[in-house]
Amino acid sequence: MPGTAPTGLDDPAKKDIAMQLVSSAENSTLDWKAQYGYIEDIGDGRGYTAGIIGFCSGTGDLLDLVELYTRRRPDNVLAGYLPALRAVDGGDSHDGLDPGFPDAWETAARDPDFRQAQNDERDRVYFDPAVSRARSDGLGALGQFAYYDAFVMHGDGDDGASFGSIHRRALAQAQPPARGGDEVAYLDAFLDARVWAMEQEEAHSDTSRVDTAQRVFLRDGNLDLDPPLAWKVYGDSFHTG
């Protein structure tokens with residue numbers, strides 16, 4: 001319909017696409033709803049990585065998730081690990097978690113309350129703030145996704161290679177639409193800054209989730225992230241829509 005504004009990333013269909021894109025990079029599958037029970041130590045210094053968004057025992061977001069779940073359901077199978085999760089926060093230790101925590105996580109993932117808690121923490125910590133920041137910069141769904149994916153991998157904040165640092169580097173090269181800039185030029189600068197941030201850490205040095213995914217959509221002029229979409233991550237090809 002003429003005059004209808006394009007849908008943002010919080011449109012349910014677009015949000016599902018965003019979840020598929022992240023899952024293709026994090027879990028090599030589009031079936032993101034099958035990842036609630038995922039858990040492994042991928043050797044990146046963040047301890048266990050788990051669930052639909054890669055909550056980490058070493059970065060605090062996994063602890064926050066289990067605390068939320070425990071407030072909602074105190075008798076859950078993960079509640080007993082809260083002291084250990086608090087102790088290992090900030091590092092890669094498994095002290096107090098092995099050997100039972102992975103099995104307990106997989107058990108909890110069969111509980112609809114735990115799956116909902118994962119959804120809620122994903123939105124509170126990553127999705128909602130990223131979409132809000134992108135909208136304030138005047139960006140469409142592709143830009144909103146670029147911010148979201150950066151939040152997922154690097155976290156919010158202003159230090160090191162976090163989202164705040166990436167955002168500052170982008171602003172030093174181009175202005176977003178909200179400041180009178182060109183959306184494509186700004187997103188190019190943002191993705192350049194994102195690649196720089198990924199290259200600062202060996203575990204994230206493969207930048208294909210930008211180079212052969214987000215950058216492809218940008219080159220195609222698909223600022224609204226409209227399907228169908230085709231992309232590659234780590235050499236694997238994906239298609240949706």
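Computed from heavy atoms alone, side chains included, the values below leave out hydrogens, waters and symmetry copies. What you are looking at is a predicted structure, and each value in this text was computed from that prediction instead of being measured.
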Is it true that a side-chain atom of Q35 and a backbone atom of D31 form a donor plus acceptor pair closer than 3.5 Å?
yes
Is any side-chain heavy atom of V22 closer than 4.5 Å to a side-chain heavy atom of F145?
yes
For residues A104 and V77, report the shortest heavy-atom separation together with the two atoms involved.
O-CG2, 3.3 Å
D156 side chain near F151 side chain, heavy-atom distance below 4.5 Å:
yes
Pair D192 + R169: basic N to acidic O under 4.0 Å
no
Got a donor-acceptor contact below 3.5 angstrom from the S93 side chain to the V88 backbone?
no
Write down the atom of G80, the atom of P83, and the distance for their closest heavy-atom approach.
O-CD, 3.6 Å
So does A230 get a backbone contact from the side chain of H239, meaning a donor-acceptor N/O pair under 3.5 Å?
no
Could you tell me whether the side chain of L30 reaches within less than 4.5 Å of the side chain of M19, counting heavy atoms only?
no
Can you tell me how far CZ of F114 sits from CG of N119, rounded to the nearest 0.5 angstrom?
10.5 Å
In the structure I gave you, are the side-chain heavy atoms of K15 and D10 within less than 4.5 Å of one another anywhere?
no
Return yes if some donor-acceptor pair links the side-chain N/O of D220 with the main-chain N/O of N222 below 3.5 Å, else return no.
no
Decide salt bridge (charged side-chain N to carboxylate O under 4.0 Å, His left out) for D75 and R73; before the verdict, give the C-alpha distance in whole Å, the side-chain angles of both, and the deciding distance to 0.1 Å.
CA-CA 6 Å; D75 61 345; R73 185 169 177 177; 3.4 Å; yes
Decide yes or no for T212 and R215: does some side-chain heavy atom of the first lie under 4.5 Å from some side-chain heavy atom of the second?
no
Stepwise, does the side-chain contact (heavy atoms from CB on, under 4.5 Å) test hold for L85 with V66?
CA-CA 9 Å; L85 288 171; V66 176; 3.9 Å; yes
Hey, do the aromatic rings of Y38 and W105 have their centres closer than 6.0 Å?
no
Checking side-chain polar atoms at under 3.5 Å, does Y126 have a donor or acceptor matched by the opposite partner on D61?
yes
Does a salt bridge link K14 with D16, judged by any charged N lying under 4.0 Å from a carboxylate O?
no
Would you please test D224 and T7 for side-chain hydrogen bond (donor to acceptor under 3.5 Å, both in side chains) and show each step?
CA-CA 7 Å; D224 295 325; T7 54; over 6 Å; no
D137 side chain to A134 main-chain N or O, any donor-acceptor pair under 3.5 Å?
no
Salt-bridged, R86 to E67, with N to O below 4.0 Å?
yes
Say whether, by atom type as modelled, one donor and one acceptor occur between the side chain of N27 and the main chain of T29 under 3.5 angstrom.
no
Heavy-atom side-chain proximity of Y48 to D92 below 4.5 angstrom:
no
At what distance, to the nearest 0.5 angstrom, does CG of L21 lie from CG of D149?
8.0 Å
Output yes when a side-chain donor or acceptor of Q118 lies under 3.5 Å from a complementary backbone atom of I52, and no otherwise.
yes
L223 and V184, any side-chain heavy atoms less than 4.5 Å apart
yes
Any chance you could measure C56, atom SG, to L65, atom CG, to the nearest 0.5 Å?
11.5 Å
Salt bridge or not for R133 and D128, using N-O below 4.0 Å?
no
Quick one: are I39 and F101 in side-chain contact, heavy atoms under 4.5 Å?
yes
When you measure from the side chain of Q144 to the backbone of V131, do you find a donor-acceptor pair of N or O atoms at a distance under 3.5 Å?
no
Least distance between heavy atoms, G138 atom then A178 atom
N-CB, 3.8 Å
Is there a donor-acceptor pair under 3.5 Å between the side chain of E183 and the backbone N or O of G140?
yes
Joint cluster assignment, W196 & V152, ILVMFWY side-chain distance < 4.5 Å
no
Among the clusters formed by ILVMFWY side chains lying less than 4.5 Å apart, do V125 and L68 turn up in the same one?
no
Does the side chain of D206 pick up a donor-acceptor pair with the side chain of S208 at under 3.5 Å?
yes
For S162 and G155, the nearest pair of non-hydrogen atoms, with its separation, is CB-O, 3.7 Å
On a heavy-atom basis, which atom in A185 and which in A174 lie closest, and how many Å separate them?
O-CB, 3.9 Å
If you round to the nearest 0.5 Å, how far is OH of Y69 from CD of E121?
14.0 Å
Distance (rounded to the nearest 0.5 Å) between T59 OG1 and D89 CG
7.5 Å
Run the salt-bridge test on K232 and D211 with the 4.0 Å N-O cut-off and return the result as yes or no.
no
Donor-acceptor under 3.5 Å (R194 side chain, V210 main chain)
no
Do R72 and D111 meet the salt-bridge criterion of a basic N to acidic O distance under 4.0 Å?
no
Write down the atom of A150, the atom of I166, and the distance for their closest heavy-atom approach.
CB-CD1, 4.5 Å
Tell me, with the steps shown, if Y234 and R209 meet side-chain contact (heavy atoms from CB on, under 4.5 Å).
CA-CA 7 Å; Y234 309 135; R209 69 195 287 163; 4.1 Å; yes
For D44, enumerate each residue passing the salt bridge (charged side-chain N to carboxylate O under 4.0 Å, His left out) test, keeping only those at least two apart in sequence or located in another chain.
R46
Show, in sequence, the C-alpha distance, side-chain angles and deciding distance for W231 and S24, and conclude whether the side-chain hydrogen bond (donor to acceptor under 3.5 Å, both in side chains) test is met.
CA-CA 10 Å; W231 70 98; S24 73; 3.0 Å; yes
How far does OG1 of T49 sit from CD1 of I42, to the nearest 0.5 angstrom?
4.0 Å
Using the ring centroid of each side chain, check whether F163 and Y147 are separated by less than 6.0 Å.
yes
